[in-house]
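Notes to accompany the following structure.
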Amino acid sequence: MPSPFPGMDPYLEGSLWQSVHHQLIAEIARQLVPLLRPRYMALSQERFVTVMSDPDEGVSILATGSIYPDVAVSHTGHPTKLDGAGSLAPLEMATLLPEQIPQVSLEIRDCANRELVTAIELLSPTNKTGDGFEEYLEKRGKYLLSRAHLIEIDLLRSGRRPPMVGTLPSMPYFAFISRAWKRPMTEIWPIGLKESLPTISVPLLGRDESVPLDLQAAFNNVYDQCGLDLAIDYSRPPEIPLTEGDAAKAANLLEGRRGP
């Protein structure tokens, strides 16, 4: 069954996101490879970012040790009591531990020289908060100072956006293309909750050379092939709360799915 949302599904922004992230990068690669051959290749890249959870930024550690954004921090305490020797028993609480979070991106390289032509970053929660945001900015800066093009796809409402000169529109999702020859100007697609994800033009070596990337088709394939409708309870609010306006839009979209 397809998602009830015409574009990004906000119910995927919580604990399901890491799986969606990996699958969507793989689907983007599958879509691009036939269009890039034989001159270019699309290779996924994985790195690990060490993140310390920060309650002040709305990040919590679950029992499994996984870190998710914008969820209230909670802990279970036990009343202090006397031990067998008559002294006070120590209070036990979980300490905040660093965790290595996998980050997957896609690189388009030319086959002749293996030169990086275009980097495609699908942003994750750790790209957008705390130390992970600073680490991402450092990586992003290297792209922007290079001859490579940069595509950033932000399908997460929470966290900080890629920095721009000026204020971005108040929209839940974005796609950005920084073409090397056009910097500092960046092409930006603001995407509303009731809008389909765009088809963007992926730049290659020549100014006029590009291939299309249908983000909505990639998302739909991941949603269908992974059976994500079976993992989501649409009768409840999403893990990452919606604004009042978007909550009303979501309710309207979900009305038909829930039935009379």
Any heavy-atom pair between the side chains of [Y] and [X] that's under 4.5 Å?
X: I240; Y: P238; answer: no
X: L205; Y: Y40; answer: yes
X: Y173; Y: P198; answer: no
X: R140; Y: P163; answer: yes

Hphob cluster co-occupancy, [X] + [Y], side-chain heavy atoms under 4.5 angstrom:
X: V211; Y: V117; result: yes
X: L116; Y: I153; result: no
X: L16; Y: Y223; result: yes
X: L215; Y: L204; result: yes
X: L123; Y: L197; result: no

Separation between [atom1] of [X] and [atom2] of [Y], rounded to the nearest 0.5 Å:
X: I28; Y: S105; atom1: CD1; atom2: OG; value: 11.0 Å
X: H21; Y: N127; atom1: NE2; atom2: CG; value: 6.5 Å
X: M171; Y: I191; atom1: CE; atom2: CD1; value: 8.0 Å
X: I108; Y: I151; atom1: CD1; atom2: CD1; value: 6.5 Å
X: E107; Y: T118; atom1: CD; atom2: OG1; value: 10.5 Å
X: I232; Y: M1; atom1: CD1; atom2: CE; value: 12.0 Å

[X] side-chain N/O to [Y] backbone N/O, donor-acceptor pair under 3.5 Å:
X: Q216; Y: E195; answer: no
X: Y136; Y: P162; answer: no
X: E13; Y: R157; answer: yes

**Message:** Looking at R30, I want to see if its CZ is surrounded by more than 12 non-hydrogen atoms of other residues, nucleotides or ligands under 6.0 Å.
**Reply:** yes
**Q225, CD: over 12 other non-hydrogen atoms inside 6.0 angstrom** = yes
**Item:** Charged N-O contact under 4.0 Å between D154 and K128
**Value:** yes
So which heavy atom on [X] is nearest to which on [Y], and how close?
X: L253; Y: P4; result: CB-O, 3.9 Å
X: P2; Y: D224; result: CA-OD1, 3.9 Å
X: D246; Y: L193; result: O-CD2, 3.4 Å
X: L156; Y: S124; result: CD1-C, 3.4 Å
X: S210; Y: S201; result: OG-OG, 2.9 Å
X: F219; Y: G7; result: CE2-O, 3.4 Å

Using the test side chain to side chain contact (heavy atoms under 4.5 Å, CB included), find all partners of [X] that sit at least two apart in sequence or belong to another chain.
X: P212; answer: L35, T199
X: E187; answer: I177, R179, K182, W189
X: F133; answer: L137, R160
X: R183; answer: L144, L150, S178, A180

**Asked** Does any donor atom in the side chain of Y143 or E152 lie under 3.5 Å from an acceptor atom in the other side chain?
**Response** no
**Request:** Could you verify whether a donor N or O on one side chain and an acceptor N or O on the other, from S15 and E239, lie under 3.5 Å apart?
**Result:** yes
**Item:** Intermediate values then yes/no, side chain to side chain contact (heavy atoms under 4.5 Å, CB included), D9 and V20
**Value:** CA-CA 11 Å; D9 189 326; V20 172; over 6 Å; no
**Asked** Sequence neighbours excluded, which residues qualify as salt bridge (charged side-chain N to carboxylate O under 4.0 Å, His left out) partners of R114?
**Response**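 Salt bridge (charged side-chain N to carboxylate O under 4.0 Å, His left out) list for R114, sorted by chain: empty.
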**Item:** F176: ring pair (Phe, Tyr, Trp, His ring centres under 6.0 Å) partners, not counting sequence neighbours
**Value:** F174
**Request:** List the steps and the verdict of side chain to side chain contact (heavy atoms under 4.5 Å, CB included) for L36 and V202.
**Result:** CA-CA 10 Å; L36 296 172; V202 177; 5.8 Å; no
